[in-house]
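Right, one structure below, let's go through it.
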Amino acid sequence: MSIRVRFAPSPTGYLHVGGARTALFNWLLARKSGGTFILRIEDTDEARNTEAAMNAIFEGLSWLGIDWDEGPQKGGDYGPYFQSQRRSIYDAYFKKLEEAGRVYFEANGAARFKFSREAITIPDVVCGDIRFAPTEEPDMTIRRPDGGYIFHFVNVVDDIEMGMTHVIRGEDHISNTWKHIDLFRALGHTPPRYGHIPLLLNPNGSKMSKRDDGASIDSYIQAGFLPQAVFNYLCLLGWTPKLEGETFSAQQAVELFDISDVHHSNARFDMTKCTWVNQQHLRLLDDADLVAYARPWLEKAGITPGSDDAYIAHTLNSVKEKVSLASEFPSWVHFFFTEDFAFEDEVMTKLKANAQAPKLLAALQSGLQATTDWSEAGLGDAVTKVAASEGVKAGALMPLLRFSLSGQTRGPDVKVMMVVLGQERSIARLGRAAALLA
RNA sequence: GACCCCUUCGUCUAGCGGUUAGGACACAUCCCUUUCACGGAUGCGACACGAGUUCGAUUCUCGUAGGGGUCGCCA
């Protein structure tokens, strides 16, 4: 039988990173087995649902590359995929449960499910069998006085109706799962296989909350992460692929995934390592992807990159191995896109403190003017030559060049900068720096 | 309080009875570098504790402690 799994978020906030990882493991299981991944929106709590939260779910999952086979925007044979539209189905199942003698009502109209009070074992593909003794908890409410159904009930009904074979969800549900199994049986159905995955903790070791850095998927988009890097890092918190190294693609993850390899213990989130993973993926980008990745960030920073993709790629490649996030690109390459860039205070201070600067800049201008080989090698020779004639070390000229060409103390390799800028612009910039000192 | 899950370097982890307990991030030092970075090398650093099983336990069992979770007319 083909595997059917689902991600069933409720649209009450943003897409939480823990939820995204739950979706991810379900998706991996489906893709690995050639099964079906379903997105179901659990919007039974009308007061708390928002349109924005709904969109955050769609956008977040799509951004991560987690596509669903059935669900909102996709349709499918088991719809509707919004619980708010499945009222009549729940009514029918509720009636069935009533007929089975498993429902009774409180004075105010709330309906409770009468537990079987038998020992129940959860067959868990991650943790192994988990046994619960007959419960002493009060019977659980499954319908409110206003007629609205409670999560436990609709969740089970939909898993029956939608033919779920596996339910992969957070470990925080373990203590509820026996109740769900009880419901399945009361409704005359065999429960699915469960798999409870460990929780995501913040660096302090407690459950990730809204305030925590990186709690919402949107924050990664805003911070300039690559989706494949976040995908990669999320996998790593809870599962280790049998692979050399720690960076891998979604495709590799699908090939290597095995639900029984998922870890049993909670993991703390580490933004530093997540950023490192992003750096690794950033290096893998080809020119076209690199430009597409960085362009929005350049524009957001007020840079006009223009339409010369080859030139943009040159500028980005000059710092590709020095940055970790797309949001860092503007500060590293902005001077490539305007002749009117600002000089950092520290740069001006250092230039002014160097009594020889005007003389050396003039020498560099004429030396570079005479250079016929405008390549990294040729420029190296040219700088050495100027240094020799001026009686200084070449190392003393490099900062002057860097400052003049970029206005910054930190940036791409000096020779690479000159190659990217070209002869004319490079020399003009030396002139501009000299003028600033005059 | 009851029940459930978990426990290897600071963090993420490898390990599925015999290993000098391996890797990654972070950190430190050194090297490379005419500039800025990257990179390379080395170092630091862990089996929660106590019993038991065994010729032999990080690994299996039990207990204790610690961490996390659930016990809603939230999902």
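Quick note on labels: first sequence line is chain A, next is B, and so on, each numbered from 1. Treat the numbers as computed from the prediction; the structure is a model and nothing was measured.
- Of all nucleotides listed (B:rC73, B:rG68, B:rC38), B:rG68 comes nearest to the side chain of A:Leu199.
- Counting heavy atoms from C-beta outward, A:Thr247 and A:His281 have side chains that approach closer than 4.5 Å.
- The residue A:Lys320 sits apart from the nucleic acid: no heavy atom pair falls under 4.0 Å.
- For B:rA14, the OP1/OP2 oxygens have a side-chain nitrogen or oxygen of A:Thr240 closer than 4.0 Å.
- Distances shorter than 4.0 Å separate none of the side-chain N or O atoms of A:His264 from OP1 or OP2 on B:rC5.
- At the phosphate of B:rG39, OP1 or OP2 sits under 4.0 Å from a side-chain N or O atom of A:Arg283.
- Taking only distance into account, the side chain of A:Thr141 never meets the base of B:rG72 through a donor-acceptor pair shorter than 3.5 Å.
- Among the nucleotides B:rU35, B:rA24, B:rC73, the one closest to any side-chain atom of A:Ala110 is B:rC73.
- Look at A:Arg40 and you won't find any side-chain N or O under 4.0 angstrom from OP1 or OP2 of B:rA75.
- In the displayed structure, A:Asp286 atom CG is contacted under 6.0 Å by more than 12 heavy atoms of other residues, nucleotides or ligands.
- A close approach under 4.0 Å does not occur between any side-chain nitrogen or oxygen of A:Ser265 and OP1 or OP2 of B:rG68.
- Across all strands, A:Arg143 comes closer than 4.0 Å to no nucleic acid atom at all (heavy-atom distances).
- If you check the side chains of A:Thr121 and A:Asp129, you find no donor sitting under 3.5 Å from an acceptor.
- Heavy atoms of A:Ala267 sit under 4.0 angstrom from primed sugar atoms or phosphate atoms, though from no base atom.
- Considering CG of A:Asp218 and CG of A:Asn55, their distance stands at 11.5 Å, rounded to 0.5 Å.
- Residues A:Arg268 and A:Arg131 both approach RNA chain B. Their nearest nucleotides, taken by heavy-atom distance, put A:Arg131 toward the 5′ side.
- Remark: A:Lys32 NZ is packed, more than 12 non-hydrogen atoms of other residues, nucleotides or ligands lying under 6.0 Å away.
- Closest to the side chain of A:Lys322, from the set B:rC36, B:rC74, B:rU35, is B:rC36.
- Rounded to the nearest Å, the gap between the C1' atom of B:rG22 and that of B:rC16 is 15 Å.
- If you check B:rC4, B:rC25, B:rU35 against the side chain of A:Ile174, the one that comes closest is B:rC4.
- B:rG23 sits 26 Å from B:rC60 when the C1' atoms are compared, rounded to a whole Å.
- Using N1 to N3 plus N6-O4 or O6-N4 for Watson-Crick, or N1-O2 and O6-N3 for G-U wobble, each under 3.5 Å, B:rA48 pairs with B:rU64.
- Contact annotation: side chain of A:Asp413 to base of B:rU35, donor-acceptor pair present below 3.5 Å.
- Contact between the side-chain N/O atoms of A:His263 and the OP1/OP2 oxygens of B:rU13 is found at a separation under 4.0 Å.
- For A:Asn108 against B:rC73, a side-chain N or O and a base N or O form a donor-acceptor pair under 3.5 Å.
- One N or O donor and one acceptor, one from the side chain of A:Lys273 and one from the base of B:rA24, sit under 3.5 Å apart.
- In the set B:rC25, B:rC3, B:rU70, the nucleotide with an atom closest to the side chain of A:Asn176 is B:rU70.
- Nearest nucleotide to the A:Glu246 side chain, out of B:rC71, B:rG23, B:rC74: B:rG23.
- Taking the P atom of each, B:rA28 and B:rG18 are spaced 37 Å apart, rounded to whole Å.
- In this entry B:rA21 has no Watson-Crick or G-U wobble partner, no candidate having both defining distances under 3.5 Å.
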